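Structure record follows, encoded as structure tokens.
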Amino acid sequence: MSKSGALDLASGLGGKINKVEVKSAVDEYEKYHGYYGGKEEARKSNYTDMVNKYYDLATSFYEYGWGESFHFAHRWNGESLRESIKRHEHFLALQLGLKPGMKVLDVGCGIGGPLREIARFSSTSVTGLNNNEYQITRGKELNRLAGISGTCDFVKADFMKMPFDDNTFDAVYAIEATCHAPDPVGCYKEIYRVLKPGQCFAVYEWCITDHYDPNNATHKRIKDEIELGNGLPDIRSTRQCLQAVKDAGFEVVWDKDLAEDSPLPWYLPLDPSRFSLSSFRLTSVGRMITRTMVKALEYVGLAPQGSERVSNFLEKAAEELVEGGKKEIFTPMYFFLVRKPLLE
């Protein structure tokens with residue numbers, strides 16, 4: 001159901017941004033980041049604009065390369081990338097103890113790939129929260145095609161100020177999404193507020209690990225490039241995230257960096273030394289072909305001006321994700337399961 005062809009990619013480039021304004025949007029987005037002299041404070045104070053620009057510019061590339069679920073996964077030997085992504089989502093549902101009839105919130109849901117998989121796996125009703133209009137439009141269409149529009153929906157809103165009553169949801173999860181929050185405590189507090197007492201929140205967070213050295217120039221460059229290529233105001237440490245969720249009021253059930261014991265490296269789909277037919281578009285050869293194709297589409301006017309630059313910073317981010325993974329200074333799957341106390 002995802003967009004799969006070159007013309008599909010071209011038609012989606014820029015998202016809801018007017019096609020003639022894509023180049024200037026790329027200019028504005030890049031200036032937020034450290035690689036171009038941008039400051040963390042500006043990224044945090046303007047996170048809504050920065051993240052919206054990022055997903056308008058990048059979503060079509062993500063859907064073209066990854067499919068409907070834009071995340072990494074713990075992966076076993078002999079398991080395909082697609083299989084590992086589904087299992088990663090099922091694992092989350094099982095940790096939350098999802099059961100038929102429960103009302104669930106997906107915070108930062110993208111175009112709803114995990115939402116649809118988890119809803120079908122657990123027979124629950126899932127609401128996707130997203131502040132990007134283009135992704136919601138895509139998500140609604142994909143829900144319609146999947147036949148789940150009657151039980152699953154989307155709400156356009158900022159996860160720092162959700163438009164839900166207190167104690168609304170039976171469970172909440174986030175997959176590689178709350179890393180976009182300018183303030184993790186504030187984000188987790190909103191999740192705490194809308195979650196029913198005694199119920200759980202599960203999350204996969206993007207984090208720097210204890211191996212990261214802020215005084216190491218190579219480490220700093222990798223962090224800056226990952227932030228630029230992924231629309232992040234900052235990458236927090238695992239310790240900072242765990243403390244933030246405690247400060248928000250949650251009780252920690254358990255936490256673990258799932259990248260540490262993954263039989264296959266999480267960054268394997270992006271590793272230039274690897275070749276795969278099943279996930280060809282993510283390989284270095286596949287990304288080179290995509291980059292060349294986007295350049296040609298932009299040249300003939302089928303893709304908006306600035307598209308090649310988006311392809312370039314996404315490509316650079318992929319390289320730095322691999323390097324960050326190999327150096328073990330970054331993880332996209334720091335997992336924690338936490339509970340809102342039954343009595344406050």
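All of these numbers come straight from a predicted model, not from anything done at the bench.
Hydrophobic clustering places Val22 together with Tyr299 (ILVMFWY residues linked when any side-chain heavy atoms are closer than 4.5 Å, directly or through intermediates).
Partners of Arg43 by salt bridge (charged side-chain N to carboxylate O under 4.0 Å, His left out), not counting sequence neighbours, listed by chain and number: Glu227. Shown here are the side-chain hydrogen bond (donor to acceptor under 3.5 Å, both in side chains) partners of Lys327, two or more places apart in sequence or in another chain: there are none.
For the ring pair (Phe, Tyr, Trp, His ring centres under 6.0 Å) test with Phe72, the passing option among Tyr204, Phe330, Trp266 is Trp266; the others fail. No option in Tyr62, Phe61, Tyr54 other than Tyr62 meets the ring pair (Phe, Tyr, Trp, His ring centres under 6.0 Å) test with Phe70.
No hydrogens or angles considered: a donor-acceptor pair under 3.5 Å links the side chains of Asn167 and Lys340.
For Lys31, the NZ atom counts as loosely surrounded, since its 6.0 Å shell holds 12 or fewer non-hydrogen atoms of other residues, nucleotides or ligands.
In summary, Lys189 and Asp247 do not engage in a salt bridge, as defined by a charged side-chain N under 4.0 Å from a carboxylate O. Taking 4.0 Å as the cut-off between side-chain N and carboxylate O, Arg309 and Glu30 count as a salt-bridged pair. The pair Glu79-Arg87 meets the salt-bridge criterion, with a side-chain N (NZ, NE, NH1 or NH2) lying under 4.0 Å from an Asp/Glu carboxylate O. Taking 4.0 Å as the cut-off between side-chain N and carboxylate O, Arg193 and Glu190 count as a salt-bridged pair. Ion pairing between a basic and an acidic side chain is recognised when a charged N comes within 4.0 Å of a carboxylate O; Glu141 and Arg138 show no such pairing. In this structure, Glu28 pairs ionically with Lys53, as a charged nitrogen and a carboxylate oxygen lie closer than 4.0 Å. Under 4.0 Å is where a charged nitrogen must lie from a carboxylate oxygen, and between Lys220 and Asp224 at least one such pair does. Contact check on Lys223 versus Asp234 returns a salt bridge, with a Lys/Arg side-chain nitrogen under 4.0 Å from an Asp/Glu carboxylate oxygen. Under 4.0 Å is where a charged nitrogen must lie from a carboxylate oxygen, and between Glu320 and Arg221 at least one such pair does.
At least one side-chain heavy atom of Cys241 sits under 4.5 Å from a side-chain heavy atom of Tyr334. Two residues are said to be in side-chain contact when any heavy atoms from C-beta on lie closer than 4.5 Å; Arg116 and Leu145 fail this criterion.
Of the possible polar contacts, one joining the Asp170 side chain to the Lys103 backbone as a donor-acceptor pair under 3.5 Å is found. Thr178 places no side-chain N or O within 3.5 Å of a backbone atom of Ala181 that could act as its donor or acceptor partner.
Using a 4.5 Å cut-off between side-chain heavy atoms of Ile, Leu, Val, Met, Phe, Trp and Tyr, Val185 forms no hydrophobic cluster with any other residue.
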